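The next block holds one structure in the form of structure tokens; read it before the comments.
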Amino acid sequence: QVQLVESGGGLVQAGGSLRLSCAASGRSFSTYTMAWFRQAPGKEREFVAFITWTGGSTYYANSVKGRFTISRDNAKNTLYLQMNSLKPEDTAVYYCASGYYSDFRTAYDYWGQGTQVTVSS
């Protein structure tokens, strides 16, 4: 079993920044790829970014590339998402997930409960 708990969401103006965190417990955090997904109202859950277990490789959706940075601290069992230059279209519930090297939802078998990010124009 894995428990994932996101935090750091909130309301921010366009152009602002937020840093999301995801605290993990349970199975060995450091041996799995971790990812962020997001889901806006009325839309499918979509991939945002993933990071391999060593942190040596990262991959981003085109919509966030250059603005968001994913990172992890395996000593603290924590995943991060630094979000800069936020846009209203970034408004969504953000989920962290644990799984395998992929940008497909089906590759991730454990999910957090989500944290709301709202970007006002």
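Fair warning: this is a prediction, and the values are worked out from it, not measured in the lab.
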TODO: Assess whether side chain to side chain contact (heavy atoms under 4.5 Å, CB included) is satisfied between M83 and R67, documenting all intermediate values.
DONE: CA-CA 6 Å; M83 305 186 294; R67 300 188 298 121; over 6 Å; no
Open item on the list: Taking the six-membered ring for Trp, are Y32 and Y100 closer than 6.0 Å centroid to centroid?
Closed with: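 That pair passes the under 6.0 Å test.
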Open item on the list: Check for me whether the distance between the ring centres of W111 and F37 falls short of 6.0 Å.
Closed with: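 Ring centroids of W111 and F37 are less than 6.0 Å from each other.
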Task: Derivation of the side chain to side chain contact (heavy atoms under 4.5 Å, CB included) call for V119 and V117 - done: CA-CA 7 Å; V119 184; V117 171; 4.2 Å; yes
Could you grab the distance from atom [atom1] of [X] to atom [atom2] of [Y], nearest 0.5 Å is fine?
X    : Y   : atom1 : atom2 : answer
F68  : S17 : CZ    : OG    : 9.5 Å
T33  : I51 : OG1   : CD1   : 9.0 Å
I70  : F50 : CD1   : CZ    : 9.0 Å
S121 : E89 : OG    : CD    : 10.0 Å

Treating [X] as the side-chain partner and [Y] as the backbone partner, does any N or O pair qualify as donor plus acceptor under 3.5 Å?
X    : Y    : answer
N74  : T54  : no
Q82  : R19  : no
Q113 : V5   : no
R72  : T52  : yes
Y108 : S102 : yes

Hey, any chance [X] and [Y] share a hydrophobic cluster, counting ILVMFWY side chains that come within less than 4.5 Å of each other, even indirectly?
X    : Y   : result
L20  : L86 : yes
Y110 : M34 : yes
F47  : Y80 : no
V12  : V48 : yes
Y95  : L79 : no

Task: Within 6.0 angstrom of K65 NZ, more than 12 heavy atoms from elsewhere - done: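 More than 12 within 6.0 Å, yes.
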Open item on the list: Apply side chain to side chain contact (heavy atoms under 4.5 Å, CB included) to residues K76 and S21 and explain how you reach the verdict.
Closed with: CA-CA 11 Å; K76 295 183 178 179; S21 299; over 6 Å; no
